[in-house]
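The next block holds one structure in the form of structure tokens; read it before the comments.
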Amino acid sequence: MYSQPYQPEIIEKKWQQIWDESHAFEAKSDYAKPKYYCLIEFPYPSGAGLHVGHPRSNTALDIIARKRRMEGYNVLYPIGWDAFGLPTENYAIQHHVHPAKVTRENIDHFRRQLKRIGFSFDYSREVDTTDPNCYRWTQWIFLKLFEHGLAYKAEMPINWCTSCKVGLANEEVVDGVCERCGSEVVRKVKNQWMLRITQYAQKLLDGLDTVDFIDRVKAQQRNWIGRSEGAEVDFAIEGSDTTLRVFTTRPDTLFGATYMVISPEHPLLHQMKDRIPNMDQLSAYQAEAARKSDFERTELVHEKTGVAIDGVQAINPVTGQAIPIWVSDYVLMSYGTGAIMAVPGHDTRDWEFARAFNLPIVEVVAGGNIDEAAHTDIEEGILVNSGFLNGLHVTEAKEKMTKWLEEKGLGERKVNYKLRDWVFSRQRYWGEPIPIVHCPQCGAVPLKESDLPLLLPEVEHYQTTESGESPLAAISDWVNVPCPACGGPAKRETDTMPQWAGSSWYFLRYCDPHNDQAFASQQALDYWLPVDWYNGGMEHTTLHLLYSRFWHLFLHDIGQVKAPEPYQKRTSHGMILGENGEKMSKSRGNVINPDDMIDEIGADAFRMYEMFMGAFDQAIPWNTNGARGCRRFLDRVWRLQDMVDDKAKGLSSDLAVNVNSTIKKVTEDYERMKFNTAIAALMTLVNDYTAKGSITRDEFKALLLLLSPVSPHICEEIWQQQGYGDPVWGQPWPQYDESKLVGDQVEIAVQINGKVRGKLMVPSALDKLEGERTLPDSLAVRQLVGDRSVVKTIYVPGRLLNLVVK
RNA sequence: GCCGGUGUGGCGGAAUGGCAGACGCAUGGGACUUAAAAUCCCCCGCCUCACAAGGGCGUGCCGGUUCGAGUCCGGCCACCGGCACCA
């Protein structure tokens, strides 16, 4: 009997120390070797520590990273800290400590927790976004964006979180409330730094065709970018030189445009105010619309309100008829031109509005009943009541109308995107300072590159001021500086960058993290990029993933990186839910702490359960008993040491098929992220070994190599104790013998009319034709058929025989 | 409303158009033990049947294709995620 019990708490510490001291997982700067870059989203080092969601992503790519090393690749699997951000700052305010100190402590805590799980990260390349040597380059990229006209300052209504006291990007507002804290978001006009991500809308869309992202990620990005094709059309305003421009995706329905609607913020109102008799009424409506918070706007859907503009009419360019212009908040200033042509016959919103205010409804595409509802299902319709378009299919009509508009100079083809520019300023302390000086003479002046990094100054209070200004605004000797251009008195920008800044390029820094001449050397970037495999959460699909692709496309355009797209492959893991099937949260009291689990079952079993619990891309409830089952499995693996027969050589004949097919299955399943079935196959193999009662050294060895990416510590320990030689992490990945995947004989099912009626042993080499010729004559099959006659015979080699009988 | 995804035992789940329920969890039974824990073994979808054998039914619902459908096609339903007065 093997006397020593399995003690993960001892062997895991032991091997973690050995990995550390031997620099086992540091990426080599050997640019001749084939490389593989595995990336997980770097964590935000919160005070709460690691939760069980982090290890799901980390273990998955740790398996890939460890497998790639065994396959001979130079692997980069880095880790870092997305350490700027509000929770740390709020904690610092509350407890009167410096956020940098809080950050340092949290990082140390996170690193300890991660090391305890045995991830093969290259800790020598840690990136910390709050380190001036790092954010210096974040500022540098900002200067480049500014230099290329992609960063600009604008007075504009922004989403203002009333609790965080900070402006938010559109992407950070969810259901009208702050994504982070859930508080009400109101619109507030502020002077904000913006990034022109809209200029990259088409490139962000096109790039998706060149990369290997899972479909739902691509779909969500496309959806968010929201491209739509159509035309812009000018409507003349009666009795003036002005025209009112609209965007429409359905130029073919122009004959059905019976009125127009402009958004309450549309400049036309102000422009025409002298000839509008009911301006008071309109101003009141404008004020009403402005008061509505985003929350109210999303809640109060479908109840159409509006006011007609008296004394001003537009001319429908195809019918020549004068049509009224209305103001309504169902038309958004931020999309298209802020004005629409209303086609109530074929648009639900226009139909409701027309009904509410008694406006004419005209059918221009046949097939519906416009007295009952708008006829919107018109992709295949035929035009009616439409002059020169009558009788045409909508597709032809669209084309003909667009050409007609272009010829007459009344409009043009146009593509619109839902994507908005990115609000980039935050009125907060704990972020990268924006390296700009505002000079009354020269305007916004960038710092010189040689003056970077612009350090965050020490302040007394980290709180946003009551007027909504950054805490940096209160430090007058930091704020007041000479203008870098003219030397006159000027003031620094006091807003800081959002947390998304650092995460938009951190993966580039990993390539060469200690470089102080550039964000990374050209050679390192050329070698390591693109990231070969990036795994992360679905919640980052429209934020981080889009932003970082944008920055990378930009860096590509200015010649800093070779490839346009940063990530070759993107996968996403499913969320881990609490044991009750609900989302894990402190308030629900269903949070599982990784440290507690590791104390109980060890890191190897914990890692295994994270991968075994279910399909990797699905949300799965945690089950502590299931995790204990993984520990029991590792106990069985440990006890296999009692069964090793030192004298037996190679693979025993009755296990050769099991071992070879397991190697094949596990190898393929790891690549497809089917970790649960790979582990199930390993369990089956161990069951086979146990049932046999004795195994050869080679049989044990194959198991350890296959299991090592999932549960590395126990494999290293057994490997060493069994005297297999150099550590597992440097061993070649096991290969299978194609000729040993099936035995000489296989059991097949015998079906009569598609129903299983018996089993039969047949030679596995038997082919389809030969099987169909010979098998029906065998005794067992003849008994099943009885005196019925066989009409048809189908033999699927190695699977089944189906006889159709009458 | 639009775009994705998912529906299979008590539970998590498995199944290139080919034996539905692998693997694990839970439950029950047994062995070992003075006892317990640990470990090992067995059973474990529903119905029929005294039992066994045997048979029937079964992958959200309705239809279709096929020798054969959880898988493919058509039409629904439910749930989850994302987007949404986006013209």
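Chain A is the first sequence line, chain B the second, and so forth, proteins listed ahead of strands; every chain is numbered from 1.
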Nearest-angstrom distance, C1' atom, G10(B) to U27(B): 8 Å

Integer angstrom distance from the C1' of G55(B) to that of C67(B): 22 Å

Look at the side chain of [X] and decide which nucleotide, out of [options], has an atom nearest to it.
| X | options | value |
| --- | --- | --- |
| R420(A) | G18(B), C40(B), C86(B) | C86(B) |
| V756(A) | U39(B), C19(B), C23(B) | C19(B) |
| A219(A) | C85(B), C3(B), C19(B) | C3(B) |
| R757(A) | C85(B), C86(B), G55(B) | G55(B) |
| N625(A) | C57(B), A26(B), A14(B) | A26(B) |

Base, sugar-phosphate, or nothing for [X], non-hydrogen atoms under 4.0 angstrom?
| X | answer |
| --- | --- |
| Q618(A) | sugar-phosphate |
| R632(A) | sugar-phosphate |
| S228(A) | sugar-phosphate |
| K674(A) | sugar-phosphate |
| G629(A) | sugar-phosphate |
| R799(A) | base |
| I794(A) | base |
| F612(A) | base |
| R631(A) | nothing |
| N687(A) | sugar-phosphate |

Just how far, in rounded Å, is [atom2] of [N] from [atom1] of [X]?
| X | N | atom1 | atom2 | answer |
| --- | --- | --- | --- | --- |
| I214(A) | G4(B) | CD1 | P | 14 Å |
| M643(A) | C40(B) | CE | C1' | 11 Å |
| L801(A) | C19(B) | CG | P | 14 Å |

Spacing of I714(A) atom CD1 and W638(A) atom CH2 [to the nearest 0.5 Å]: 6.5 Å

Gap between atom CZ of F235(A) and atom CD1 of I340(A) - 0.5 Å precision: 10.0 Å

Parallel, tilted or perpendicular: ring planes of F357(A) versus W326(A), cut at 30 and 60 degrees: tilted

Consecutive-pair stems (3 or more, Watson-Crick or G-U, under 3.5 Å) for RNA chain B: B:1-7 with B:77-83, B:10-12 with B:23-25, B:28-31 with B:39-42, B:45-48 with B:54-57, B:60-64 with B:72-76

F675(A) and F612(A) aromatic centres sub-6.0 Å: no

Distance-only donor-acceptor test, N802(A) side-chain atoms vs C67(B) base atoms, 3.5 Å: yes

N/O donor-acceptor pair, side chain K759(A) with base C19(B), under 3.5 angstrom: yes

